[in-house]
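The structure appears right after this line, and notes come after that.
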Amino acid sequence: MTEKLSDTGRKTMLQPLLESGWSLDEGRDAISKKFVFDDFVTAFGFMTRAALWAEKWDHHPEWSNVYKTVNVTLTTHDVEGLSSLDVKLARKMDQIAG
Ligand SMILES: C[C@H](O)[C@H](O)[C@H]1CNC2=NC(N)=NC(=O)C2=N1
């Protein structure tokens, strides 16, 4: 069962993400990041690769794409807040984006 991130989890797992460009949303327990790529094909390639991980882990991003920019928001709808699945997907997205 997925659980909301504890205070300790937030310090240890969330903090590194906040230092790598993710930010906490206002008024909502979620994290967001704007990824800007060289062109549309690279942006869409990122989305395609991330989508396969999201489906594999049954954990899906809220995101949008305009040309070479992808805006991503991660939260866990089942617990109405952040869980370790958001951390896992955020790390994977950073890795894919390079
Ligand atoms: C039934 C299915 O497993 C759930 O609805 C999954 C699907 N993907 C999900 N994605 C996200 N981001 N949060 C969820 O709570 C969630 N739940």
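Worth saying up front: this structure is predicted, and the values here are computed from it rather than measured. As the structure lists them, so they are numbered: ligands from 1, and atoms in each ligand from 1.
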Does atom CD (Q15) have a neighbourhood of more than 12 heavy atoms from anything else shown, all under 6.0 Å?
yes
Just by distance, with hydrogens left out, do S20 and D94 show a side-chain donor and acceptor under 3.5 Å apart?
yes
By side-chain contact (heavy atoms from CB on, under 4.5 Å), E62 pairs with (sequence neighbours left out) R28, T73, T75, H77
Have a look at L74 and tell me which of V87, I31, L17 forms a side chain to side chain contact (heavy atoms under 4.5 Å, CB included) with it.
I31
Check ligand 1 for N or O atoms under 3.5 Å from a protein N or O and list each pair with its distance.
unit_1, atom_1, unit_2, atom_2, d
ligand 1, 3 (O), D58, OD2, 2.3
ligand 1, 8 (N), D58, O, 3.4
ligand 1, 8 (N), H60, ND1, 2.8
ligand 1, 10 (N), H60, N, 3.0
ligand 1, 12 (N), H60, O, 2.8
ligand 1, 12 (N), T75, O, 2.9
ligand 1, 13 (N), H77, N, 3.1
ligand 1, 13 (N), H77, ND1, 3.2
ligand 1, 15 (O), H77, N, 3.0
ligand 1, 15 (O), D78, N, 2.7
ligand 1, 15 (O), D78, OD1, 3.1
ligand 1, 15 (O), D78, OD2, 3.3
ligand 1, 17 (N), D78, OD2, 3.2

Connected via hydrophobic side-chain network under 4.5 Å: V36 and Y67
no
Taking the six-membered ring for Trp, are W22 and F35 parallel (under 30°), tilted (30 to 60°) or perpendicular (over 60°)?
perpendicular
